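In what follows, every heavy atom counts, from backbone to side chain, and hydrogens, waters and symmetry copies are set aside. Bear in mind that the values here come from a model prediction, so they are computed numbers and not experimental data. Order of the sequence lines fixes the chain letters, A, B, ..., with proteins taken first and strands second; residue numbering starts at 1 for each chain.
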Protein chains: 2
Amino acid sequence: MQHKLPQSNLYLREEELRRGIELLYFAYRDFTRDPDEILATSNFGRAHHRVLYFVGRNPGTTVSGLLKLLRITKQSLSRVLGQLVDEGYIVQKTGEQDRRQRLLHLTDKGELFEKELFATQRSRVAEAYKKAGPEAVSGFWEVLLNIVDEDEQGHVLNQIGK
Amino acid sequence: MQHKLPQSNLYLREEELRRGIELLYFAYRDFTRDPDEILATSNFGRAHHRVLYFVGRNPGTTVSGLLKLLRITKQSLSRVLGQLVDEGYIVQKTGEQDRRQRLLHLTDKGELFEKELFATQRSRVAEAYKKAGPEAVSGFWEVLLNIVDEDEQGHVLNQIGK
DNA sequence: TAACATATGGCAGCTTTGTTGACACAATAG
DNA sequence: CTATTGTGTCAACAAAGCTGCCATATGTTA
């Protein structure tokens, strides 16, 4: 006489959910460490990295575009963006159609620095992809995408160019 | 006459790496938002959540155990831990073998609160697992584990009970 | 043209959560 | 007995979020 054990199944499911939660935490923790170390030597922080990264990925983006992408307030962004502009990593060009806009671009210095930061994450992620194999990588993308807010998945897909 | 186009392959690989980096960022951003909102109404922050979470997962853990797991300094931990103890979410019991240790446990109040916080992430992750399917979930775990520092993967595997 | 809306920038001040360094005390280990 | 370990605490600082308010230039619309 066999029957399903619902508690047992629930327990299993909970363990699987906690596994995802914990792996996400630990992976993110380590994933940010290498660039953080480089940033610290330049008196920058993680917030500067994000701005450099997304300006590099979306040249000509506007301030409000970045605000929506990063979901932070104007003041938070303006602090780090101002420093990056002051120190010559980013330039702002007045928009041609709409002259209120400040279109953001990396300078050569900014591109160089972004490449240096990216290199650390590149090797970590490339190694992980290689060890896990292409099928695992697809699953990795798919689950992560579904963890993103449903009404934001479109933006993300658009951002990651797929 | 056919030959491989190395630049093209490199370009593709870079896009795939950036996709992982960006998905990790966006997923983590949204993943932390639901609990953050609940925490804010209790005058707690994300750091309190982590302590509640890992004490719940490792009842009887010590202060130094938590320090190693979270990789923060004693002072950072002691601030949030002190608040959680003061407000009755966590109790400290003197270790029996080693009476210098303070073994940490959630109170009933603490367990209830942890459950409430977990529920938000549970439903987000469960939904993502469901949409992506079991194979994708395996890949998700595998890539994340490989993103963790190599010399920490053992600890993590031990933590997630596998 | 006048009024409203939008994109951006700036100031003041607050909070959370990380950091360092120094010191103290109880308990354990050698 | 001495050294080390586990924990707690104080002071001070920094990064990066937040709110609220105000200013200016530019675009849009009635």
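Counting only residues at least two apart or in different chains, side-chain hydrogen bond (donor to acceptor under 3.5 Å, both in side chains) contacts with residues 39-50 of chain A comprise A:Thr32-A:Arg46, A:Asp36-A:Arg46, A:His48-A:Gln83. Among residues at least two apart or in separate chains, salt bridge (charged side-chain N to carboxylate O under 4.0 Å, His left out) pairs with a member in residues 80-99 of chain A are A:Asp98-A:Arg100. Applying the side-chain hydrogen bond (donor to acceptor under 3.5 Å, both in side chains) test to every pair with at least one member in residues 104-116 of chain B, sequence neighbours left out, gives these pairs: A:Arg18-B:Glu114.
Remark: A:Asp149 engages A:Arg71, B:Arg33, B:Arg124 in a side-chain hydrogen bond (donor to acceptor under 3.5 Å, both in side chains) (not counting sequence neighbours). Residues that satisfy the salt bridge (charged side-chain N to carboxylate O under 4.0 Å, His left out) test with B:Glu135, not counting sequence neighbours, are absent from this structure. Under the salt bridge (charged side-chain N to carboxylate O under 4.0 Å, His left out) criterion, B:Arg57 pairs with A:Glu15, A:Glu22, not counting sequence neighbours. Residues forming a salt bridge (charged side-chain N to carboxylate O under 4.0 Å, His left out) with A:Lys130 (at least two apart in sequence, or on another chain): none.
Distance, B:Leu84 CG to D:dG8 C1': 16 Å, rounded to whole Å. Between the P atom of C:dT15 and the CG atom of B:Asp36 lies a distance of 18 Å, rounded to the nearest Å. Taking atom CZ of residue A:Arg102 and atom C1' of nucleotide C:dT6, one finds them 13 Å apart after rounding to whole Å. Rounded to whole Å, atom P of C:dG18 lies 15 Å from atom CZ of A:Arg33. If you take NZ of B:Lys68 and C1' of D:dT7, they are 13 Å apart, rounded to a whole angstrom.
Distances shown here put a side-chain N or O of A:Ser64 below 4.0 Å from the OP1 or OP2 atom of C:dT8.
Ion pair B:Arg122/A:Glu14 flagged as a salt bridge, since at least one NZ, NE, NH1 or NH2 atom sits closer than 4.0 Å to an Asp/Glu carboxylate oxygen.
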Protein-nucleotides 25-27 of chain C N/O pairs under 3.5 Å:
from   : atom 1 : to      : atom 2 : distance (Å)
C:dA27 : OP1    : B:Arg99 : NH2    : 3.1

(request) Summarise how protein sits on nucleotides 9-21 of chain D as a single string, 5' to 3': B when a protein heavy atom is under 4.0 Å from the base, S for sugar-phosphate-only contact, - for no contact. (result) BBB---SBBBB--

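Residue whose closest nucleotide on DNA chain C sits further toward the 5' end, between A:Gln92 and B:Glu96: A:Gln92.
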